[in-house]
Trainee: 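One structure is given below, represented as structure tokens, and several questions about it will come after.
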Amino acid sequence: MSLHEPLLDGAQKAFLGCYLENLSLIERLHRLLLDVVKDEFERLRILEINAVQALLVFNIGENEVTAGELKSRGYYQGSNVSYNLKKLVELGYMHHQRSEIDRRSVRVRLTEKGRKVRSALTELFAKHAETLEKRGVLGTEGIDDINRSLKRMERFWTEQIRYIY
């Protein structure tokens, strides 16, 4: 045992093992979601945007937001939001407009082309939900349990950032 490893009893070690498995699963699931979106877009021959940009379009939906709001509202998790927004505007998936109040701030919203991408993802995710339920992979109760657990973990991590460090 190294000097940096805490002394844990059996139950604590088991819980730590489960927590580390959760972290790994969350990471893998995010990468798999990006792969699923990429594959669907290749099938639809939507090749000029990547999966991260497509999910950004999906999450914005009918809202009009600033770049700063994208992260605070949970629409975007990456670090290069400005690059992706610029690219989506250049490719015609989003409109951008300077705020009348704060000229430094730019608001973005989907164009018709962006709404078509969002619609394609909405259909894909609806098909996934239907298949999960039909095959008995997850039912309403199971998916609700997962969502509640993930929200509790999100609150815990948020508190770690805000209050401990």
Trainee: Between the side chains of Arg162 and Glu159, is the shortest nitrogen-to-carboxylate-oxygen separation below 4.0 Å, so that they form an ion pair?
Mentor: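 So Glu159 does not pair with Arg162 through a salt bridge.
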Trainee: Quick one: do Lys151 and Glu154 make a salt bridge, cutoff under 4.0 Å?
Mentor: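 Salt bridge between Lys151 and Glu154, a charged N being under 4.0 Å from a carboxylate O: no.
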Trainee: Considering residues at least two apart in sequence or located in another chain, which fulfil the side chain to side chain donor-acceptor pair (under 3.5 Å) criterion with Arg45?
Mentor: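 By the side chain to side chain donor-acceptor pair (under 3.5 Å) rule, Arg45 matches no residue at all.
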Trainee: For the NE2 atom on His95, are there more than 12 heavy atoms of other groups (residues, nucleotides or ligands in this structure) within a distance under 6.0 Å?
Mentor: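 Atom NE2 in His95 is crowded, with more than 12 foreign heavy atoms closer than 6.0 Å.
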Trainee: Report the residues that fulfil side chain to side chain donor-acceptor pair (under 3.5 Å) with Ser149, sequence neighbours left out, ordered by chain and then residue number.
Mentor: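 With sequence neighbours excluded, Ser149 shows a side chain to side chain donor-acceptor pair (under 3.5 Å) to Arg152, given in chain and number order.
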Trainee: So, Tyr93 and Glu48: side-chain donor and acceptor under 3.5 Å apart, yes or no?
Mentor: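 There is such a pair between these side chains.
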Trainee: Hey, quick one: are Leu33 and Val57 part of the same hydrophobic cluster, counting side-chain heavy atoms closer than 4.5 Å, chains of contacts allowed?
Mentor: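 Linked, Leu33 and Val57 end up in one cluster.
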Trainee: Is there a side-chain contact (heavy atoms from CB on, under 4.5 Å) between Phe58 and Val37? Walk through the geometry before answering.
Mentor: CA-CA 11 Å; Phe58 177 79; Val37 170; over 6 Å; no
Trainee: Scan the side chains in residues 16-24 for donor-acceptor partners under 3.5 Å anywhere in the protein, sequence neighbours excluded, and list what turns up.
Mentor:
residue: Tyr19; atom: OH; partner: Trp157; partner atom: NE1; Å: 3.0
residue: Ser24; atom: OG; partner: Arg28; partner atom: NH1; Å: 3.0

Trainee: Working to the nearest 0.5 angstrom, can you tell me the gap between His96 NE2 and Thr66 OG1?
Mentor: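 That separation rounds to 14.0 Å.
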Trainee: Once side chain to side chain donor-acceptor pair (under 3.5 Å) is applied, do any residues pair with Glu64, and if so which ones, sequence neighbours excluded?
Mentor: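 Glu64 satisfies side chain to side chain donor-acceptor pair (under 3.5 Å) with Arg107, Arg109 once adjacent residues are dropped.
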Trainee: Using 0.5 Å steps for rounding, measure from the NZ atom of Lys38 to the CG atom of Leu47.
Mentor: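 If I round to the nearest 0.5 Å, the distance is 10.0 Å.
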Trainee: Just by distance, do the side chain of Asn63 and the backbone of Val65 share a donor-acceptor pair under 3.5 Å?
Mentor: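 Looks like no, no N/O pair under 3.5 Å.
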Trainee: Can you hop from Val108 to Tyr83 via hydrophobic side chains spaced under 4.5 Å?
Mentor: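 Each belongs to a different hydrophobic cluster.
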Trainee: For a quick test of your reading: what N or O donor-acceptor pairs under 3.5 Å do the side chains of residues 134-144 make, sequence neighbours left out?
Mentor:
residue: Lys134; atom: NZ; partner: Glu130; partner atom: OE2; Å: 2.9

Trainee: I need the Leu85 CG to Leu70 CG distance, nearest 0.5 Å.
Mentor: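 Separation between the atoms: 5.5 Å.
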Trainee: Are the side chain of Asn84 and the backbone N or O of Val81 linked by a donor-acceptor pair below 3.5 Å?
Mentor: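 No, the answer is negative, given that no donor and acceptor are paired below the 3.5 Å cut-off.
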Trainee: Test your reading of the model: is there a side-chain donor-acceptor pair from Asn50 to the backbone of Gln53, 3.5 Å cut-off?
Mentor: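 Here the side-chain-to-backbone pair exists.
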Trainee: Salt bridge check, Arg148 against Asp145: does any charged N sit closer than 4.0 Å to a carboxylate O?
Mentor: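 Yes, Asp145 and Arg148 are salt-bridged.
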Trainee: In this structure, are over 12 heavy atoms from other groups packed under 6.0 Å from Glu133 atom CD?
Mentor: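 No, not enclosed.
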Trainee: A quick test of your reading: do over 12 heavy atoms of other residues, nucleotides or ligands sit less than 6.0 Å from NZ of Lys87?
Mentor: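 Open.
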Trainee: Which donor-acceptor pairs under 3.5 Å do side chains of residues 120-128 form with protein atoms, sequence neighbours excluded?
Mentor:
residue: Thr122; atom: OG1; partner: Arg118; partner atom: O; Å: 2.9

Trainee: Between Leu132 and Leu32, is there shared hydrophobic-cluster membership here, with clusters defined by ILVMFWY side-chain heavy atoms closer than 4.5 Å?
Mentor: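 As far as the 4.5 Å side-chain criterion goes, Leu32 and Leu132 are not connected within one cluster.
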Trainee: What's the separation between atom CG in Leu44 and atom NZ in Lys116, rounded to the nearest 0.5 Å?
Mentor: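 Nearest 0.5 Å value for the CG-NZ distance: 13.0 Å.
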Trainee: To the nearest 0.5 Å, how far apart are CD1 in Ile49 and CG in Leu56?
Mentor: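 If we round to the nearest 0.5 Å, Ile49:CD1 and Leu56:CG are 9.0 Å apart.
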Trainee: In this structure, would Leu25 and Leu34 fall into the same cluster of hydrophobic residues linked by side-chain contacts under 4.5 Å?
Mentor: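 Leu25 does not cluster with Leu34.
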Trainee: Can you measure from CE (Met94) to OG1 (Thr111) and round to the nearest 0.5 angstrom?
Mentor: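 That separation rounds to 8.5 Å.
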